[in-house]
Amino acid sequence: MTKEENNKRLEHLREIVKRLPDKPGSYQFYDQNHIIIYVGKAKNLKSRVSSYFHTEVDRYKTKVLVSKIWDISYTVVNTEEDALLLENSLIKKYNPRYNVLLKDDKTYPSICITNEYLPRIFSTRNINKKWGNYFGPYSHVGTMHEVLAVIKELYKPRTCKIQITKEGIENGKYKLCLDYHIKRCDGSCAGKQSYEAYIKNILQAREILKGNTRLVIGDLKNNMLKLAEELRFEEAEEIKKKIIALDSFVSKSEVVSHTINNVDVFTITSDENIAFVNYLHVTNGTIDMSFTIEFKKKLNENDEELMQLAIVELRERFRSNAKEIIVPQEISVDLEGVKFTIPKLGDKKTLLKLSEMNCKQYKFDRMKQAEKLNPEQKQVRLMKELQDKLKLPTLPYHIECFDNSNISGTDAVAACVVFKKLKPSKQDYRKYNIKTIVGADDYGSMKEVVRRRYSRLIEEEQPLPDLIVADGGKGQMEVIREVVEDELHLKIPIAGLAKNDKHRTNELLYGFPPIIIQLKTTSELFHVLTQIQDEVHRFAITFHRDKRSKHALRSELEEIKGIGEKTREALLKEFKTTKKIKEASITQLETVIGKAKAKILYEFFQHN
């Protein structure tokens, strides 16, 4: 598109914006092919749409959207609520490219009570209101099956699909089936159970599906007491069994407070790219619906905008008519006859926390699922978490960690391990023999090694690490800082892993002076950091052990007449340890140092 064409496009759009009314409504943006690419809603159409074309708009994604707009249409409505409903409807219809993507295409089952003479009760995913009344949908299929199982146990509704009529029953047209003989049906089709009794059961089942279990239990108790007074104990016992079964079912539900009835609860958790909204519905203090949806962000949508969309979508989907909605934050939209509550204390606050817990758990589960399909996603997430915790300027892709090892200052060595993407990069590991420090001086040894390491990287123009992790607390961090910043004038962030009195790593330190970074020792990130620490310990100790072993072996070989320096070097290179040399056959020794020297060595170890 040329500059002239772009100016013509913008002028056309500005003319449309000038004509927009100061009323609530929904607006639609079209691309060059007149395809809807974005749908929005506004309290004031003119004010909202014109904001896209202000010169001070600095959001990259919004600028990209504006560059694709070639035409605008709008629909005026009476209220902001109507605008929200219309926006939700158009997004679902056109699935515009730049609107949030609702990542959910499942059809959830409902429970149907048919309109037949003897109604049936069953689960279905096909909704046809001509067949009967529907309850649900149920986002958790297991819960739906539990409800159906209780209804079948208590009321034994028929399961046959025969078209049963009053005349057919009176004329004895229907035969008793297996369900009757195994006591899963009371035989209403053959007159074994009265029509009135069957319909009464269906009405009670309907109340259970509405969530009015306490009401049903109360009616059953009254009937039981009445039958007991009339000395009809067997019938009273049957009702008692129903009460026990229903009580058992209710006790499995999440009961918050019997005073909370017909309430919706919404919470949200989000990051830069994805948002999750959890929905709970409460009837008579019992949570009878829990569902979470995922939004994939396309522009820089905030939590309030996404919450508004979710409230409309989920209340419509689950056919909620609740007059109170519990939310964690202000929602600047008025829904007719609906009250928004932000609780501070009490049972409603408990419900909000429960919804938040469900929302975070769903996000965690989806994250784990994604990481199984793409393992690198986990490493990026943890690197981002570390960057945020330490407020690092860049993602810590390249991390280095140092450790010293010596026994009373002898055979002093140090090691450097390198992690890239939080994974060991073993080809970059380095071993160091301490050259300038005598005795057990850990700080002096650390200074020498850090100086040698980064002087060489600078000289060879190799990339420097994004983060140095000191295997220790404030003291180790300070000596590393003195070399890196004061001597070499480098700006490399330095963190430390400090141990407690039991010599267990329990703190992450950062900054100068160092401060404790709040990080749970059970977290994934802390586990990764201690893995780095464990790896540098292992590498340094192994190097030190090898050096001591070679030192001991060299000392022992020096005692053998006829075995010179070159022979000792050849033996050390081939066998590494005294044990392996002692266990070697004379043939193996001959291949390394020749027959004459092999004989001397073999006989020495045979007699010592």
Side-chain angles (χ1 to χ4, degrees), residues 21-28 39-45 47-49 74-93 99-100 102 104 108 134-137 139 210-211 256-257 259-270 275-285 287-295 301-344 346-349 351-356 358-359:
D22 295 313
K23 292 183 178 181
S26 173
Y27 55 92
Q28 301 85 46
V39 172
K41 58 104 178 59
K43 289 182 181 179
N44 184 310
L45 281 167
S47 174
R48 179 72 186 97
V49 176
Y74 63 92
T75 305
V76 176
V77 293
N78 291 318
T79 66
E80 189 188 356
E81 177 184 356
D82 293 335
L84 187 57
L85 292 168
L86 180 57
E87 177 195 33
N88 185 58
S89 174
L90 291 174
I91 288 174
K92 286 194 288 187
K93 182 176 180 180
N99 278 99
V100 289
L102 176 58
D104 171 43
Y108 291 92
Y134 292 85
F135 300 86
S139 58
K210 287 180 180 178
V256 182
S257 170
T259 61
I260 299 177
N261 181 39
N262 197 20
V263 169
D264 288 335
V265 186
F266 289 89
T267 54
I268 185 169
T269 180
S270 65
F276 299 89
V277 178
N278 176 258
Y279 165 63
L280 299 179
H281 182 73
V282 183
T283 304
N284 290 334
I287 296 168
D288 55 11
M289 175 60 62
S290 176
F291 185 67
T292 304
I293 56 173
E294 176 183 346
F295 288 110
E301 297 88 354
N302 60 40
D303 284 358
E304 185 186 349
E305 291 172 327
L306 297 174
M307 188 81 92
Q308 289 176 5
L309 277 174
I311 288 171
V312 170
E313 167 64 25
L314 292 172
R315 279 170 63 88
E316 178 187 305
R317 182 184 301 194
F318 295 109
R319 296 189 285 281
S320 172
N321 60 358
K323 299 303 181 185
E324 182 178 8
I325 300 176
I326 297 172
V327 289
Q329 63 192 63
E330 290 286 346
I331 303 293
S332 59
V333 63
D334 293 323
L335 301 181
E336 188 177 352
V338 175
K339 171 189 172 186
F340 285 94
T341 302
I342 305 174
K344 303 295 181 186
D347 294 328
K348 291 180 180 179
K349 182 66 174 178
L351 273 172
L352 198 64
K353 287 181 178 178
L354 186 65
S355 177
E356 287 173 354
N358 276 276
C359 201

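When a residue number appears, it is its place in the shown sequence, counting from 1. It should be emphasised that the depicted structure is a prediction, and the values quoted were computed from it without experimental measurement.
Glu87 and Val39 make their closest contact through OE2-O, 3.8 Å (heavy atoms, listed as atom of the first residue, atom of the second, distance). When all heavy atoms of Ser320 and Asp264 are compared, the pair lying nearest together is OG-OD2, 2.7 Å. The minimum heavy-atom distance between Ala83 and Gly25, with the atom names listed, is CB-O, 3.5 Å. Scanning all heavy atoms of the two residues, the minimum distance from Thr267 to Ser355 falls at OG1-OG, 2.7 Å. Annotation for Pro328 and Met307: closest pair CD-CE, 3.6 Å, computed over non-hydrogen atoms. The shortest non-hydrogen separation linking Gly337 to Lys323 is O-CD, 3.4 Å.
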(message) Quick one, Ser332 with Glu330, criterion side-chain hydrogen bond (donor to acceptor under 3.5 Å, both in side chains). Give me CA distance, side-chain angles, the key distance, then yes/no.
(response) CA-CA 6 Å; Ser332 59; Glu330 290 286 346; over 6 Å; no
(request) Start with the C-alpha gap between Ile268 and Gln329, add the side-chain angles, then the distance that decides, and say whether side-chain contact (heavy atoms from CB on, under 4.5 Å) holds. (result) CA-CA 10 Å; Ile268 185 169; Gln329 63 192 63; 4.2 Å; yes
(request) Quick one: do Phe266 and Ile331 satisfy side-chain contact (heavy atoms from CB on, under 4.5 Å)? Show the steps, please. (result) CA-CA 11 Å; Phe266 289 89; Ile331 303 293; over 6 Å; no
(request) Please report the C-alpha distance between Val263 and Thr341 in whole Å, then the side-chain angles of each, then the deciding distance to 0.1 Å, and finally whether the side-chain contact (heavy atoms from CB on, under 4.5 Å) criterion is met. (result) CA-CA 10 Å; Val263 169; Thr341 302; over 6 Å; no
(request) Test Ile311 against Leu335 for side-chain contact (heavy atoms from CB on, under 4.5 Å), laying out the working first. (result) CA-CA 10 Å; Ile311 288 171; Leu335 301 181; 4.0 Å; yes
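Of the candidates Ile326, Ile325, Asn278, Val265 forms a side chain to side chain contact (heavy atoms under 4.5 Å, CB included) with just one, namely Ile326.
How far NZ of Lys43 is from CZ of Arg48: 12.0 Å, rounded to the nearest 0.5 Å. Considering CG of Leu45 and OG of Ser26, their distance stands at 8.0 Å, rounded to 0.5 Å. The distance from the SG atom of Cys359 to the CG atom of Leu354 is 11.5 Å, given to the nearest 0.5 Å. Here the straight-line distance linking atom NE2 of His281 with atom CG of Leu314 works out to 12.5 Å at 0.5 Å rounding. To the nearest 0.5 angstrom, Ile342 atom CD1 is 12.5 Å from Lys348 atom NZ.
In this structure, the side chain of Gln308 does not engage the main chain of Glu305 through any donor-acceptor pair within 3.5 Å.
Phe291 and Phe318 have perpendicular rings, their planes meeting at more than 60° on a 0 to 90° scale where under 30° would count as parallel.
Counting only heavy atoms from C-beta outward, the side chains of Phe295 and Ser270 never approach each other to under 4.5 Å.
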